[in-house]
2 protein chains.
Amino acid sequence: MYTLRHDVNVMFEGVIFMDKRMRIGELAKRAGVTQRTIRHYESIGLMPPGEREGKGQHYYTEESIERLRKIDQLKKLGLSLDEMREVVQLYFIDPSGVQSKRKALDILRQHLAEANQKLNEIQQFRGEIQSLIEHFERWFEKREGG
Amino acid sequence: MYTLRHDVNVMFEGVIFMDKRMRIGELAKRAGVTQRTIRHYESIGLMPPGEREGKGQHYYTEESIERLRKIDQLKKLGLSLDEMREVVQLYFIDPSGVQSKRKALDILRQHLAEANQKLNEIQQFRGEIQSLIEHFERWFEKREGG
DNA sequence: ACCAAACATTACGTTTGCGTAATACGTTAA
DNA sequence: TTAACGTATTACGCAAACGTAATGTTTGGT
């Protein structure tokens, strides 16, 4: 009966690769989220639960970090956790069937369109702000400037 | 003792200007929101409550519509109702003092920076989606295309 | 083997942004 | 004036996205 080691060292041609297995605390820190957030994402199927032996603790990989970052990015774009589920899958699951690849393309094109839409909205907003700013600046120039 | 008229007609050089006083139902329809939404905005100080005589009903103007539209726009940009309060003021209040004009400029510049930030994020996202799409398209070309 | 940290699980709490009655007036067209 | 409909006010409801205990189990170090 052997015990689980927390970190594994591999020697290869004189170089030591230390593959420290990451637990939820480190994952949370490195991804800039709370443990609760991670567990929440796991509970709603947005993140796969980290690997574990039986009923023990969960261990995560670097990919888990990227996944959390991607989720964060999508949140900034205004997607709800529910809405982003599909897209996140596309980034981290290799769809093996032709069918799923077609579906992936559809979803991606749709999200591309939405992104373009959002770009327009923001650009318009920025334009409005800029002219407001210029308006104020001219006002100050007239009063204070020489 | 006179009664309140719901609509007022003004004749000027043969043209009739009908200045129908708008109540919350019409405002809601024309702005594309619910009455509940309007009342909610009023209750948190995001919208000024429409004018009224005593305890009667509220009457709104065209500006109320624009205000609701502006709120909608800011929501799409991801601002919370709380966050957008200041900006909305800037659009619809004429700051009379120099002090408030300076503050307005500050806020506007800050929001301009945030808008630029958001633009970058979305552009990056769009880039990622595009390369994913191209990846899938190449895959299909190799399999099906001639 | 033992203890302090870190983790797992469960469950109730919180904020935001309204929805949805319920009840009581106000307004208008007939 | 009176029925019918639009409003005002109050209050409870709800989904999303976690926060915050509380309690029990694992793990890593000595």
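Chain letters run A, B, ... following the sequence lines, proteins first and then strands; every chain starts at 1.
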Subject >> Phosphate-side-chain proximity, B:Thr37 and C:dG17, N/O vs OP1/OP2 below 4.0 Å >> reply: no

Original post:
Salt bridge or not for A:Glu86 and A:Lys103, using N-O below 4.0 Å?
Top reply: yes

**OP:** Return the value, rounded to whole Å, for the distance between atom CD1 of B:Ile38 and atom P of C:dG17.
**Re:** 17 Å

**OP:** Using a 4.0 Å cut-off on protein heavy atoms (strictly under), produce a 5'-to-3' string for nucleotides 3-17 of chain D with B for base contact, S for backbone-only sugar-phosphate contact, and - for none.
**Re:** ---BSBB-B-----B

Subject >> A:Met22 CE to C:dC7 C1', straight-line distance once rounded to whole Å >> reply: 15 Å

Original post:
Do the numbers put A:Arg102 on top of the ring of B:Phe140, so that NZ or CZ is under 6.0 Å from the six-membered ring centre and no more than 45° off the axis?
Top reply: yes

**OP:** In plain terms, say whether B:Arg109 and A:Glu137 are close enough for a salt bridge, that is, a side-chain N and a carboxylate O under 4.0 Å apart.
**Re:** yes

Original post:
If you measure only the distance, is there a donor-acceptor pair under 3.5 Å linking the side chains of A:Gln124 and A:Glu128?
Top reply: yes

**OP:** Check the distance between C:dC7's P and A:Arg21's CZ and give it to me in whole angstrom.
**Re:** 13 Å

Subject >> Cation-aromatic face contact B:Lys101/A:Phe136, 6.0 Å, 45 degrees >> reply: no

Original post:
Can you find a pair of side-chain heavy atoms, one from A:Met84 and one from A:Leu77, that are under 4.5 Å apart?
Top reply: no

Original post:
Taking atom P of D:dC18 as reference, at what distance in whole Å does atom CD of A:Glu42 sit?
Top reply: 13 Å

Subject >> Nearest-Å distance for atom pair CD1/C1', residues A:Ile71 and D:dC18 >> reply: 13 Å

Original post:
In whole angstroms, how far is the P atom of C:dC7 from the CD atom of A:Glu51?
Top reply: 17 Å

